[in-house]
Amino acid sequence: AHADDVGTSLYFVNDSLQQVTFSSTVGVVIPCPAAGSPSAVLRWYLATGDDIYDVPHIRHVHANGTLQLYPFSPSAFNSFIHDNDYFCTAENSAGKIRSPNIRVKAVFREPYTVRVEDQRSMRGNVAVFKCLIPSSVQEYVSVVSWEKDTVSIVP
């Protein structure tokens, strides 16, 4: 080790950051999950290794290494930007580290209706009901209770 290397380091601030899901109406700010001493230069890349670039009013990398994706309309959706894997690097005199890939995915806030599938059963028999959730929101919605006439049904 060189005397110049004493006190230099690179480290992950949050190496558990693996997925960021955000609303298209709000946008998101993602800090680079790495840092260093002396201060590290932080850069963002696509998982393919391609440098990312600023897209005015859509995507910006701040001087402090924070990646910002701005709110956008459904017509401005670009999977290359809004549904992709990114990673961040931190580099200083101690070396260079790379974060794990971070899945960044925008979701659209749209109205949806959850309904119960129609079933027929004869009196005294068992009927199985299924909750139908639109596929566009299925991964973000969970059934937490069933109600009949606004009264919870206890299992």
Side-chain angles (χ1 to χ4, degrees), residues 9-37 39-92 95-121 126-155:
S9 64
L10 285 170
Y11 53 93
F12 288 108
V13 177
N14 180 2
D15 60 355
S16 64
L17 183 63
Q18 296 175 355
Q19 182 169 336
V20 175
T21 304
F22 70 99
S23 169
S24 63
T25 59
V26 178
V28 69
V29 174
I30 309 168
C32 178
S37 176
S39 292
V41 175
L42 306 173
R43 289 192 177 94
W44 283 93
Y45 300 87
L46 292 174
T48 58
D50 296 325
D51 285 320
I52 65 166
Y53 50 87
D54 283 355
V55 179
H57 310 293
I58 296 176
R59 177 177 66 197
H60 177 67
V61 178
H62 294 272
N64 67 359
T66 300
L67 172 63
Q68 182 171 10
L69 300 176
Y70 294 95
F72 63 96
S73 65
S75 63
F77 175 79
N78 179 331
S79 62
F80 191 70
I81 293 171
H82 301 112
D83 188 9
N84 210 334
D85 291 345
Y86 291 82
F87 69 87
C88 178
T89 62
E91 185 173 8
N92 67 10
K96 184 176 185 175
I97 59 174
R98 176 195 191 280
S99 74
N101 285 353
I102 301 167
R103 181 76 185 151
V104 176
K105 182 176 182 173
V107 294
F108 299 99
R109 189 172 181 172
E110 298 175 0
Y112 65 92
T113 303
V114 175
R115 61 184 187 84
V116 177
E117 185 176 58
D118 291 336
Q119 290 296 329
R120 293 181 186 206
S121 176
V126 174
V128 177
F129 293 96
K130 183 177 179 181
C131 186
L132 300 176
I133 302 168
S135 60
S136 61
V137 295
Q138 212 165 33
E139 95 182 76
Y140 309 106
V141 175
S142 5
V143 177
V144 294
S145 70
W146 285 81
E147 296 180 354
K148 178 181 178 190
D149 301 326
T150 69
V151 176
S152 287
I153 301 171
V154 180

May I have all residue pairs that pass salt bridge (charged side-chain N to carboxylate O under 4.0 Å, His left out) and include part of residues 47-57, sequence neighbours excluded? none

Under the side chain to side chain donor-acceptor pair (under 3.5 Å) rule, collect the residues that match up with [X], sequence neighbours excluded.
X	answer
T150	none
K96	none
R59	Y86
R98	N101

Got [X] and [Y] here, is their nearest side-chain heavy-atom distance under 4.5 Å?
X	Y	result
C88	L67	no
D85	F87	no
L17	F12	no

Quick one: list whatever passes side-chain contact (heavy atoms from CB on, under 4.5 Å) with [X], sequence neighbours left out.
X	value
V144	none
S73	S75, A76
V151	none
A106	F22, F72, H82

Check the pair N64, L42 against side chain to side chain contact (heavy atoms under 4.5 Å, CB included), reporting the backbone distance first and the verdict last. CA-CA 7 Å; N64 67 359; L42 306 173; over 6 Å; no

For the residue pair T21 / Q19, report whether a side-chain donor-acceptor contact shorter than 3.5 Å exists.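 Result is yes, a qualifying pair exists.
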
Test ring pair (Phe, Tyr, Trp, His ring centres under 6.0 Å) applied to Y11 - qualifying residues, sequence neighbours left out: none

Residues in salt bridge (Lys or Arg N to Asp or Glu O under 4.0 Å) with K130, at least two apart?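 Scan of K130 (salt bridge (Lys or Arg N to Asp or Glu O under 4.0 Å), adjacent residues dropped) gives none.
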
Partner residues of D83 under the salt bridge (Lys or Arg N to Asp or Glu O under 4.0 Å) criterion, sequence neighbours left out: R103

Taking everything shown except F77 itself, do over 12 heavy atoms lie less than 6.0 Å from its CZ?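 Counting other residues, nucleotides and ligands, CZ of F77 exceeds 12 neighbours.
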
Using side chain to side chain contact (heavy atoms under 4.5 Å, CB included), reason through I133 and V143 one step at a time and then give a plain yes or no. CA-CA 9 Å; I133 302 168; V143 177; 4.0 Å; yes

Only one of V29, V26, I81 forms a side-chain contact (heavy atoms from CB on, under 4.5 Å) with L69, so which one is it? I81

